[in-house]
Amino acid sequence: MCFTELGREFYLRKAALLDRIALLGESDGFHDDDGETALAAALHLLDMDQPGVICDPRAYVRQQYARSLTNDQ
């Protein structure tokens with residue numbers, strides 16, 4: 001078995017994508033596992049970053065993703 005450690009950018013993008021999918025489902029009135037999956041990905045990113053503050057994990061993902069887009073330009 002081969003395990004590769006992926007970087008923060010991968011997990012940030014994954015969490016942002018899953019959050020977007022969950023938001024689309026929530027706006028359509030669907031309440032399935034998308035929100036739970038997005039939350040799990042956000043919590044993983046929080047564990048990696050250890051920001052030292054307690055906040056809404058999915059809001060943190062949105063903030064960090066927006067910041068990454070600003071830094072890339």
Side-chain angles (χ1 to χ4, degrees):
M1 213 179 269
C2 178
F3 293 98
T4 304
E5 185 174 328
L6 300 171
R8 180 186 185 272
E9 183 178 350
F10 171 83
Y11 291 107
L12 173 59
R13 289 176 179 262
K14 178 181 177 180
L17 175 63
L18 291 170
D19 181 62
R20 182 69 177 162
I21 291 168
L23 286 172
L24 288 172
E26 291 166 4
S27 69
D28 290 340
F30 295 108
H31 299 286
D32 54 10
D33 294 335
D34 292 341
E36 291 179 26
T37 303
L39 179 61
L43 288 171
H44 181 74
L45 184 68
L46 274 173
D47 284 345
M48 289 179 71
D49 288 356
Q50 297 185 359
V53 295
I54 298 173
C55 61
D56 174 23
R58 289 177 55 191
Y60 178 76
V61 167
R62 292 180 207 125
Q63 175 199 44
Q64 293 300 303
Y65 188 70
R67 184 175 290 163
S68 76
L69 292 176
T70 302
N71 291 339
D72 287 344
Q73 295 179 359

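Note that the structure is predicted; figures quoted are calculated from it, not measured. Reckoned from all heavy atoms, side chains included, excluding hydrogens, waters and symmetry mates.
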*If you take all heavy atoms of A15 and A42, which pair is closest and at what distance?*
CB-N, 4.2 Å
*Transitively linked via ILVMFWY side-chain contacts under 4.5 Å: I54 with L46?*
no
*Shortest non-hydrogen contact from M48 to G7?*
CE-C, 4.4 Å
*Return the minimal non-hydrogen interatomic distance between L18 and A38, and the atom names on each side.*
O-CB, 3.5 Å
*Atom pair CG (L17) and OG1 (T37), whose distance is rounded to the nearest 0.5 Å*: 11.5 Å
*Is it true that atom CZ of R62 has more than 12 heavy atoms of other residues, nucleotides or ligands lying nearer than 6.0 Å?*
yes
*Residues Y65 and D19: side-chain donor-acceptor under 3.5 angstrom*: no
*Hey, quick one: are F10 and I21 part of the same hydrophobic cluster, counting side-chain heavy atoms closer than 4.5 Å, chains of contacts allowed?*
no
*Atom of Y60, atom of D49 and distance for their closest heavy-atom approach*: OH-OD2, 2.6 Å
*Mind listing the closest non-hydrogen atom pair of R58 and L39 along with its distance?*
CD-N, 4.1 Å
